[in-house]
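What follows is one structure encoded as structure tokens, with my remarks underneath.
Just the heavy atoms: all of them, side chains too, but no hydrogens, waters or symmetry mates, feed the values below. First listed ligand is number 1; within each ligand, the first listed atom is number 1. Everything numeric here is computed off the predicted structure, so don't read it as measured data.
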Amino acid sequence: MQGSQDILESPIEFLKGVGPIRGDMLKKELGIFKFRDLLMHYPFRYVDKTQFHKINEISSESDAVQIRGILRRVETHGQGRRRRLVGRLRDETGAIELVWFKGVHWLEKNLLVGGEYVVYGKVNAFKGQLNIPHPEIESINVSNNKSASTFAPVYPSTEKLNQKGLDAKGRRKLMLTLFSKLSPQHLPENLPQYIVDKLRLPTHFEALKKIHFPTSQNELDQARKRLKFEELFFLQYRLLEVRKKRKGAIKGHVFSTIGDHFNQFFKEKIPFELTGAQKRVIKEIRKDLGGGTQLNRLLQGDVGSGKTIVALMTMLIALDNGYQACLMAPTEILAQQHYAGIGEMMEGLDIELAFLSGSVKGKKRKLLLERLEAGEIDILIGTHALIEPPVIFKNLGLAIIDEQHRFGVAQRAKLWAKSKPYPPHILVMTATPIPRTLAMTLYGDLDVSVIDELPPGRKEIKTLHRTENHRLRVIGFMKEEIAKGRQVYVVYPLIEESATLDLQNLMQGYEVMEREFPKPDFQVSIVHGRMKPADKDFEMQRFVKGETQIMVATTVIEVGVNVPNASVMIIENTERFGLSQLHQLRGRVGRGGEQSYCLLMSSFKLTSDAKERINTMVRTNNGFEIAEADLKLRGPGNIVGTQQSGLLNFKIADLARDSKILDTAREIASRVLENDPKLERPVHQGLKSYLMKYVGKVAGWGRIS
Ligand code: ADP
Ligand code: MG
């Protein structure tokens with residue numbers, strides 16, 4: 001396209017003050033190729049020159065400060081290269097030293113003892129004395145209010161760029177040059193006016209200008225709000241577009257009836273009253289199932305929130321409509337637990353239930369597969385073995401995946417192929433709560449249901465933080481609990497990088513336990529990743545059966561062990577675990593009727609992050625709260641493990657802090673899609689052309705092709 005907007009597409013080296021050498025450097029170091037890239041490279045902080053500090057407020061903790069006062073003394077010290085200029089600035093509260101090593105000659109000539117100055121710089125503590133090395137200094141007369149009224153932008157830079165004159169000052173100059181060439185027509189409004197008005201946002205142009213050159217905190221806040229909104233809005237628009245297209249294009253089996261299976265179970269078998277959250281979620285699912293589109297829903301619920309019964313009742317609806325259902329779990333142990341638990345709840349109902357995993361072999365397997373294909377099996381529970389090609393259903397209508405994060409795209413694709421003419425309805429369940437904002441982004445094209453309520457009568461797990469000097473009392477406490485017939489986990493960290501040392505710690509811990517809890521009165525189990533699977537299983541089973549009272553282990557017990565009689569979880573070196581892992585580990589206790597405890601052992605000295613993690617664990621049992629805290633501490637990329645699909649690479653939005661803006665963005669995006677799906681209305685033309693030019697399509701989670 002020709003015209004006024006092209007200037008932003010110009011190669012960066014054509015900007016005055018850049019040229020080929022700096023241009024190359026900007027490309028290599030920062031990925032800045034065009035004028036537009038430079039524009040989109042926002043400052044990462046600002047130096048607030050509107051605020052003045054009093055000298056007595058300055059401490060070694062202070063970062064950069066701005067002070068004003070009278071220059072009291074100027075002296076040179078040292079010789080040759082060590083020569084430095086030391087000045088002393090005094091205000092009504094005190095005095096501080098200013099030190100320069102460069103430009104000494106010039107400063108010496110120009111600084112006026114007794115004159116009034118504004119000084120800006122980073123505070124340094126040297127032998128207990130505070131000083132400001134290399135401050136910027138300006139006489140009050142000269143500076144007037146000019147420098148005293150701006151927020152100076154600071155850009156992410158590198159050593160190489162600094163050397164080529166593209167330091168903070170140089171970058172500021174480039175931005176000024178760029179803006180001297182730009183007017184609003186180069187950056188036309190990309191949101192419809194009614195949104196801009198409703199949210200009281202500055203214009204697109206104004207926001208970009210003010211993000212680089214705000215003149216007040218308020219202007220900066222407004223610019224940020226607008227650019228965060230834009231970023232979140234366009235992504236949500238794309239995600240919702242994918243979701244809408246899928247719903248339109250992909251038909252689903254219609255489960256229109258609630259029949260005998262569901263009703264009989266509900267009337268005669270259901271072992272407890274459903275919680276409000278369970279009822280709500282079942283309603284949401286039923287609505288999807290009957291609607292003629294494919295159910296593609298993520299069900300989030302903390303450990304113990306009762307997802308299984310929701311899965312079971314959803315499967316009964318499939319059966320009532322003449323379809324088969326399957327439930328997949330990531331490990332053999334979990335799959336078997338589901339098979340046993342669900343089998344028990346369904347006893348007496350006329351339903352054929354079967355189990356399939358890699359361990360089902362030979363004749364047994366052959367028979368099972370035949371019966372499945374003939375439609376004699378209603379519900380198949382198992383591991384990922386059940387999505388392998390030789391497994392053929394007669395009419396699979398619903399697939400439930402427990403612990404979604406362990407299943408990849410390829411596996412989901414295999415699942416789709418199992419059902420004709422439509423893909424099966426898919427419900428993915430996860431016990432790893434994902435912060436809401438993250439779910440809306442990563443799974444923004446899926447429907448999400450949340451069980452945010454635990455069944456009644458659950459005793460809160462008591463969580464305590466203890467250090468090494470409490471060790472004897474901790475052992476005393478274990479003895480009391482074991483005397484009551486309870487069992488105890490003791491968990492050690494074990495990571496690849498320090499595996500040998502970690503293993504030693506674990507073995508030492510085990511020896512301590514054997515000494516404190518001697519045979520034959522007590523039995524201690526040990527399980528770690530280096531053991532043979534068969535030995536691991538054997539030890540695990542002994543603990544499950546109650547033959548041993550203490551299980552010393554690494555995090556291998558994180559998934560899949562259910563021992564309701566275990567009431568104490570002791571975590572060693574707590575500071576080395578991440579929050580979500582700690583929460584998963586704690587979820588291993590509190591499964592029976594007894595009061596349960598989680599003891600977080602740590603060393604006395606802790607980093608502030610570790611303290612924050614431990615305090616969070618002590619403060620709350622709520623997995624969603626913990627996930628939110630985790631998001632704030634570690635950032636979104638680390639939480640999901642990888643920088644998935646670029647969906648999380650925001651320039652300015654922050655999923656830990658901008659949940660309100662995200663909600664608004666999603667809501668408005670969804671309304672636009674509903675009211676003007678093809679963006680035909682005149683008010684949407686700016687939005688449409690911006691989307692087409694600058695906002696890439698997203699793949700979406702639920703789509704498999
Ligand atoms: P998770 O969400 O971790 O899979 P489960 O479905 O295994 O949780 O449920 C945990 C425990 O809570 C089970 O023993 C289950 O029988 C019980 N439970 C589930 N829902 C309720 C309820 N509404 N009232 C009482 N107990 C419930
Ligand atoms: Mg479960």
Side-chain angles (χ1 to χ4, degrees), residues 262 265-285 297-316 325-347 353 355 379 381-384 399-407 427-434 439 448-461 544 557-567 569 580-581 583-596 598 621-624 626-627:
F262 188 95
F265 178 80
F266 197 70
K267 281 194 202 111
E268 297 168 17
K269 295 284 167 192
I270 197 162
F272 37 68
E273 168 111 17
L274 294 176
T275 63
Q278 286 169 325
K279 284 184 195 158
R280 188 189 67 236
V281 167
I282 291 175
K283 222 184 247 169
E284 287 166 354
I285 292 171
R297 193 171 274 278
L298 178 71
L299 173 58
Q300 288 198 64
D302 216 340
V303 178
S305 62
K307 295 184 292 296
T308 315
I309 190 103
V310 172
L312 186 154
M313 292 174 77
T314 307
M315 292 196 286
L316 293 180
C326 70
L327 170 62
M328 239 186 321
T331 65
E332 173 104 21
I333 296 183
L334 274 179
Q336 258 164 10
Q337 262 172 26
H338 273 312
Y339 180 63
I342 288 175
E344 203 175 305
M345 282 198 273
M346 285 188 171
E347 224 173 278
L353 198 63
F355 178 83
I379 294 179
I381 295 177
T383 60
H384 59 265
I400 298 181
I401 306 171
D402 201 4
E403 294 294 339
Q404 129 282 338
H405 57 282
R406 286 160 202 266
F407 279 91
L427 181 68
V428 278
M429 308 197 293
T430 172
T432 315
I434 304 164
V448 178
S449 289
V450 177
I451 304 187
D452 50 7
E453 182 185 353
L454 289 184
R458 222 33 92 68
K459 289 204 178 87
E460 281 252 309
I461 300 165
V544 171
I557 61 150
E558 201 181 323
V559 177
V561 187
N562 187 18
V563 185
N565 190 48
S567 67
M569 166 64 65
S580 67
Q581 213 176 11
H583 182 61
Q584 289 293 322
L585 285 169
R586 179 167 59 184
R588 295 301 110 199
V589 296
R591 306 188 143 230
E594 309 303 330
Q595 176 62 55
S596 292
C598 176
N621 269 298
N622 181 324
F624 285 94
I626 288 171

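- Looking at Arg280, its side chain never comes within 3.5 Å of a backbone N or O of Ile451 through a donor-acceptor pair.
- Considering only residues two or more places apart in sequence or on other chains, Glu268 meets the side-chain hydrogen bond (donor to acceptor under 3.5 Å, both in side chains) condition with Gln264.
- The contact shell of ligand 1, taken as protein residues with any non-hydrogen atom closer than 4.0 angstrom, comprises Phe272, Glu273, Leu274, Thr275, Gln278, Asp302, Val303, Gly304, Ser305, Gly306, Lys307, Thr308, Pro455, Arg458.
- Judged by distance alone, the side chain of Lys269 and the main-chain N or O of Met346 form no donor-acceptor pair under 3.5 Å.
- The two residues Ser567 and Val589 make their nearest non-hydrogen contact at C-CG1, 3.9 Å.
- The salt bridge (charged side-chain N to carboxylate O under 4.0 Å, His left out) search around Lys279 returns Glu273, not counting sequence neighbours.
- Under the side-chain hydrogen bond (donor to acceptor under 3.5 Å, both in side chains) criterion, Glu453 pairs with no residue at all, not counting sequence neighbours.
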